[in-house]
Enquirer: 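First the structure, which I've put down as structure tokens, then a few questions once you've had a look.
Heads up: numbering here begins at 1 and tracks the sequence.
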Amino acid sequence: MTRSFKALADETRLRIVALLAGREQSVEEIAAALSLRLPSVSHHLQRLRDLTLVEMRAEGTTHYYVLRWLAEHFSFGQRHPESDVNEILGRHHPDFATLQRELIGNGLMQREGSVYWRLPPSPEEI
């Protein structure tokens with residue numbers, strides 16, 4: 001658990017998670033968006049990958065990383081009480097509150113009171 005908190009305590013990794021919450025991006029795209037060198041971005045992504053906060057998809061020699069897979073743990077149209085959301089997200093990382101905020105802030109989920117639901121993909125994501 002300490003390792004997870006240390007990994008997310010890094011500002012650069014939090015910025016990467018925020019970028020990936022919106023859409024998958026290549027290492028090159030992340031490096032350009034954050035004005036970082038490729039080896040630095042790869043290092044941070046590996047730390048996030050070790051914690052299962054992001055996953056990688058290879059397309060040729062380009063590697064894409066995505067946070068959207070967390071939202072896939074929730075079905076479209078199904079309402080989830082906050083306790084269930086906390087339990088599901090907590091399986092992947094102990095800081096489920098940050099994950100909730102990122103999912104909502106990036107339009108992947110919606111919340112009303114203490115009830116959450118997954119939003120359908122936007123037309124450009126289909």
Enquirer: Are the charged groups of Glu112 and Arg79 less than 4.0 angstrom apart, N to O?
Expert: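 Not counted as a salt bridge, because no side-chain N and carboxylate O are separated by less than 4.0 Å.
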Enquirer: Say whether Leu103 and Phe96 are linked into one hydrophobic cluster, either directly or through other cluster members, by side-chain heavy-atom distances under 4.5 angstrom.
Expert: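 The answer is yes; both residues are in one hydrophobic cluster.
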Enquirer: For a quick test of reading the model, state the closest non-hydrogen atom pair linking Ala33 to Leu19 and the distance between them.
Expert: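 Where Ala33 meets Leu19 most closely, the heavy atoms are CB-CD1, 4.0 Å.
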Enquirer: Determine, using the 4.5 Å side-chain heavy-atom cutoff (strictly less than), whether Ile88 and Val115 are members of one ILVMFWY cluster.
Expert: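 No, because Ile88 and Val115 fall into different hydrophobic clusters, even though each may have its own neighbours under 4.5 Å.
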Enquirer: Quick one: are Met109 and Phe74 in side-chain contact, heavy atoms under 4.5 Å?
Expert: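 The answer is yes; the side chains approach within 4.5 Å.
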Enquirer: Can you tell me how far the NE2 atom of His73 sits from the CG atom of Asp84, to the nearest 0.5 Å?
Expert: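 Going from NE2 on His73 over to CG on Asp84, the span is 14.0 Å.
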Enquirer: Rounded to the nearest 0.5 Å, what separation is found between the CD atom of Glu29 and the CG atom of Leu34?
Expert: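 If I round to the nearest 0.5 Å, the distance is 11.5 Å.
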Enquirer: Write down the atom of Val85, the atom of His80, and the distance for their closest heavy-atom approach.
Expert: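 Scanning both residues completely, I find the closest heavy atoms to be CG2-CB, 3.7 Å.
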Enquirer: Do you see a donor-acceptor pair shorter than 3.5 Å between the side chains of Glu82 and Tyr116?
Expert: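 Per modelled atom types, Glu82 and Tyr116 side chains form a pair under 3.5 Å.
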Enquirer: Say you draw a straight line from CD of Gln46 to CG of Leu51; how long is it, rounded to the nearest 0.5 Å?
Expert: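 Output value for this atom pair is 10.0 Å.
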Enquirer: I want to check something: taking the side chain as every heavy atom from C-beta on, are Ile30 and Leu36 in contact at a cut-off of under 4.5 Å?
Expert: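 The answer is no, as the side chains (C-beta and beyond) never meet within the 4.5 Å cut-off.
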Enquirer: Using modelled atom types only, decide if a donor and an acceptor are shared between the side chain of Arg15 and the backbone of Val17 within a distance under 3.5 Å.
Expert: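 It does not hold such a pair.
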Enquirer: Quick one: closest heavy-atom pair of Ala71 and Leu108, and the distance?
Expert: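 Looks like CB-CB, 4.1 Å.
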Enquirer: Under 4.5 Å between any side-chain heavy atoms of Leu99 and Leu53, yes or no?
Expert: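 The answer is yes, as the side chains (C-beta and beyond) meet within the 4.5 Å cut-off.
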Enquirer: Going from OG1 on Thr12 to CG on Leu45, what distance comes out if it is rounded to the nearest 0.5 angstrom?
Expert: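 One gets 11.0 Å once the value is rounded to the nearest 0.5 Å.
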Enquirer: Which heavy atom of Gln100 sits nearest to which heavy atom of Leu89, and what is that distance?
Expert: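 Shortest heavy-atom separation between Gln100 and Leu89 comes out as CG-CD1, 3.7 Å.
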Enquirer: Taking Glu24 first and then Arg57, would you say they form a salt bridge - that is, a charged N and a carboxylate O separated by under 4.0 Å?
Expert: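 So Glu24 pairs with Arg57 through a salt bridge.
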Enquirer: So, Arg37 and Ser40: side-chain donor and acceptor under 3.5 Å apart, yes or no?
Expert: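 The answer is no; no qualifying pair exists.
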Enquirer: Could you please spell out the steps behind the side-chain contact (heavy atoms from CB on, under 4.5 Å) verdict for Glu55 and Arg49?
Expert: CA-CA 6 Å; Glu55 65 180 26; Arg49 197 170 165 205; over 6 Å; no
Enquirer: Grab the two heavy atoms, one from Gln25 and one from Leu20, that are nearest each other, plus how far apart they are.
Expert: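 The answer is N-CD2, 3.9 Å.
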Enquirer: Check whether Phe76 forms a cation-pi arrangement with Arg118 (NZ or CZ under 6.0 Å from the six-membered ring centre, at most 45° off the ring normal).
Expert: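 Flagged: Arg118 positioned over aromatic ring of Phe76.
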Enquirer: When rounded to the nearest 0.5 angstrom, what distance separates CE in Met56 from OG in Ser42?
Expert: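 These two atoms lie 10.5 Å from each other.
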